[in-house]
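Since this is a predicted model, take the numbers as computed values, not measurements. Every chain is numbered from 1 and lettered A, B, ... according to where its sequence line falls, protein lines coming before strand lines.
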Amino acid sequence: MQLNKHANGLLSIYFTAGYPSLDSTLQIAKMLEEAGADFLEIGFPYSDPVADGPVIQHSSEVALQNGMNIPLLFEQLKNLREQVSIPVFLMGYFNPVLQYGIENFCKSCKEVGVNGVIIPDLPMYEYEELYRDIFEENGISNIFLVTPQTSEERIRYIDNLSTGFIYVLSSNATTGKTLEVKESSAAYYQKLKDMDLKNPLVIGFGISSAQTFQKATEYAQGAIVGSAFVKLLGEPDYMDKIPSFIQGIKGL
Amino acid sequence: MSKYQVNEKGYYGPFGGAYIPEMLYPNVEELRQQYLAIMQDKSFQEEFQQLLRDYVGRPSPLYHAQRLSERYNANIFLKREDLNHTGAHKINNTIGQILLAERLGKKRIIAETGAGQHGVATATVCALKGLECVVYMGEMDIQRQAPNVARMKMMGAQVVAAQSGSKTLKDATNEALRDWINNPVDTHYIIGSVVGPHPYPDLVARFQSIISEETKKQLLEKTGNDQPDYVMACVGGGSNAAGMFYHFLDDETVKLIAVEAAGHGVNSGESAATTALGREGVLHGSRSILMQTEDGQVVEPYSISAGLDYPGIGPQHAWLFKSGRGQYVSITDDEAMQAGLRLTQLEGIIPAIESSHALAYLEKMTFSGKENVVICLSGRGDKDLDNYMKYFNL
């Protein structure tokens with residue numbers, strides 16, 4: 001599924017399934033939609049999340065202790081589309097998907113109405129050679145990442161392989177760092193914008209405030225908030241705080 | 001091209017590859033494109049060989065262990081990697097990688113370490129070359145391995161505690177990968193074993209292949225035949241075994257025996273016997289065999305030997321295991337400790353507990369008196385004295 005290339009100011013929220021409690025996943029998703037999030041990324045936890053900083057690592061650890069796993073997540077998402085209408089992507093590491101079975105995973109995504117997946121450690125070569133057909137047969141978008149170090153040639157290649165959006169990393173970093181819009185990163189966003197890619201751009205990593213969100217969406221169709229939101233989920237009465245958190249980021 | 005070596009896509013049979021997030025791609029790709037050319041360059045080879053000779057002390061002896069041979073009724077040779085500078089085979093790889101890092105123009109070195117042997121070997125070459133060095137080590141291991149932490153600090157390395165997960169080697173590796181993600185331009189990651197994304201398993205095996213290269217020459221001199229009947233080594237991630245097997249892989253008359261750590265017993269729930277307990281999966285950037293739960297979460301291994309306490313094995317080992325080229329067996333803590341004491345009393349050599357695992361497997365073999373057997377004595381036991389003292393109430 002393709003996000004609207006002409007949309008702007010889209011806000012996506014990442015959170016880890018099974019955190020803070022095992023059955024909080026769907027309630028949080030529903031609340032996020034009501035609060036004004038435009039699409040969602042639901043993380044499935046892994047024991048060794050190398051691309052993540054401390055906040056998301058911690059949420060994964062707690063989710064695993066709570067008993068979260070992929071079969072249970074799909075069970076929880078069985079009635080997703082009765083309750084949530086905005087696009088939903090699943091995000092996580094490759095090994096749990098491999099153990100569940102790639103084809104099973106794509107089929108389960110399709111069954112519950114998940115629109116796409118983000119698996120940062122699934123390489124393009126393996127995706128193209130082995131798995132692309134399975135993803136496409138099930139209508140599941142596979143989202144690739146680009147970083148400030150990704151060459152223009154490779155960005156074009158990723159754009160051709162992508163359906164959905166391109167996940168633009170604000171910097172070469174693990175999750176949870178604070179975005180600084182330096183001249184070099186502004187130049188990087190501008191370069192991406194000027195490349196006029198077929199896929200919409202969504203900037204993630206380091207978006208945590210109205211200011212960083214607004215900066216990011218000057219260049220991209222949308223931006224993703226992860227660690228800052230996961231941090232909120234660690235607070236008491238987090239459910240009541242979701243609407244003001246979303247309004248705060250959107251600057252409403 | 002050997003069917004047991006890496007192919008042009010970075011795979012050993014179905015194992016290997018580079019399962020890394022995009023943030024690591026430029027670094028790993030730079031290494032992939034350049035490592036072979038750099039390693040084959042004449043100036044690199046000259047400096048590498050000179051340092052192995054004058055700094056590490058190579059060639060390491062191939063010692064015919066007389067009393068051990070009598071006990072097992074075979075001609076047993078020990079490849080004495082324990083006599084290398086810093087006490088183990090690890091330095092072969094760190095010397096190679098520091099020269100590679102220099103030629104890639106890197107200014108900062110990071111590494112992971114379990115017991116601290118690879119950390120010490122990395123800190124050593126960084127001191128030698130005057131490069132900044134950061135070593136990630138599990139918080140648990142920092143407490144257990146104080147002398148190695150002190151060695152690294154004396155050599156100017158910064159030792160950073162990995163506080164995530166189980167706070168051991170696997171988590172130190174995660175932290176090193178995270179550091180590399182956050183420092184994408186001037187940093188080289190010296191991985192200590194034949195694990196990680198392609199080209200690491202191949203480049204580490206190439207640097208360690210000096211072990212079998214020397215062994216063949218030394219065997220020819222001593223026995224008139226460079227083909228032993230058995231070649232044996234312990235396997236955690238598998239770097240000493242990869243180097244010990246390297247030049248024997250295509251000679252199928254040479255039997256390869258890889259000894260994993262069974263901890264308290266393969267089925268005790270406290271073990272690191274990866275091929276016995278693991279399934280195919282992806283960890284730390286490569287597809288291999290790893291110990292994991294049904295839904296793909298990595299299981300924490302256990303062994304008395306910190307160097308074998310890793311939940312996976314290198315992809316080449318996974319392929320040697322699956323293809324049947326190598327025989328993968330395991331040895332418990334108790335069996336290894338007894339074998340360590342036995343070598344000490346029969347030959348006057350205190351082995352690292354890792355290497356003791358390989359020695360212990362001799363007890364389970366039978367010989368006719370004619371066989372030539374080479375065992376990689378990957379490290380010396382100084383670092384394990386505490387363990388030996390506790391175990392034997394010394």
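Heavy atoms closer than 4.5 Å to chain B are found in the backbone of A:V146, but not in its side chain. Both the backbone and the side chain of A:L145 come within less than 4.5 Å of a heavy atom of chain B. Contact annotation for B:V299: neither backbone nor side-chain heavy atoms come within less than 4.5 Å of a heavy atom of chain A. In this structure, the portions of B:I181 lying under 4.5 Å from any heavy atom of chain A include both its backbone and its side chain. Residue A:P54: no heavy atom, backbone or side chain, is found under 4.5 Å from chain B. Looking at A:L64, only its side chain comes within 4.5 Å of chain B, counting heavy atoms on both sides.
A pairwise comparison of heavy atoms in B:M23 and A:A173 identifies CE-O, 3.9 Å as the closest pair. The two residues B:P21 and A:A51 make their nearest non-hydrogen contact at CG-CB, 4.4 Å.
Of the listed residues (B:V185, B:V298, B:L283), the greatest number of heavy-atom pairs within a distance under 4.5 Å of chain A belongs to B:V298.
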Between chain A and chain B: donor-acceptor pairs at under 3.5 Å:
unit_1	atom_1	unit_2	atom_2	d
A:P45	O	B:Q297	NE2	3.2
A:Y46	OH	B:V282	O	3.3
A:S47	N	B:Q297	OE1	2.8
A:S47	OG	B:V298	N	2.9
A:D48	OD1	B:K170	NZ	3.2
A:D48	OD2	B:K170	NZ	2.9
A:D48	OD2	B:N174	ND2	2.8
A:P49	O	B:R178	NE	3.4
A:P49	O	B:R178	NH2	2.8
A:D52	O	B:R178	NE	3.0
A:N95	OD1	B:V282	N	2.9
A:N95	ND2	B:Q292	OE1	2.9
A:N95	ND2	B:G296	O	3.0
A:Q99	OE1	B:R279	NH2	2.9
A:Q99	NE2	B:E280	O	2.9
A:Q99	NE2	B:Q292	OE1	3.1
A:E126	OE2	B:Y11	OH	2.3
A:Y131	OH	B:R287	NH1	3.2
A:T150	OG1	B:E22	OE2	3.3
A:R154	NE	B:E22	OE1	3.4
A:R154	NE	B:E22	OE2	2.8
A:R154	NH1	B:Y25	OH	3.2
A:R154	NH2	B:E22	OE1	2.8
A:N172	ND2	B:M23	O	3.0
A:N172	ND2	B:I181	O	2.7
A:T174	N	B:N182	OD1	3.0
A:T174	OG1	B:N182	ND2	2.9
A:K177	NZ	B:N182	OD1	3.0

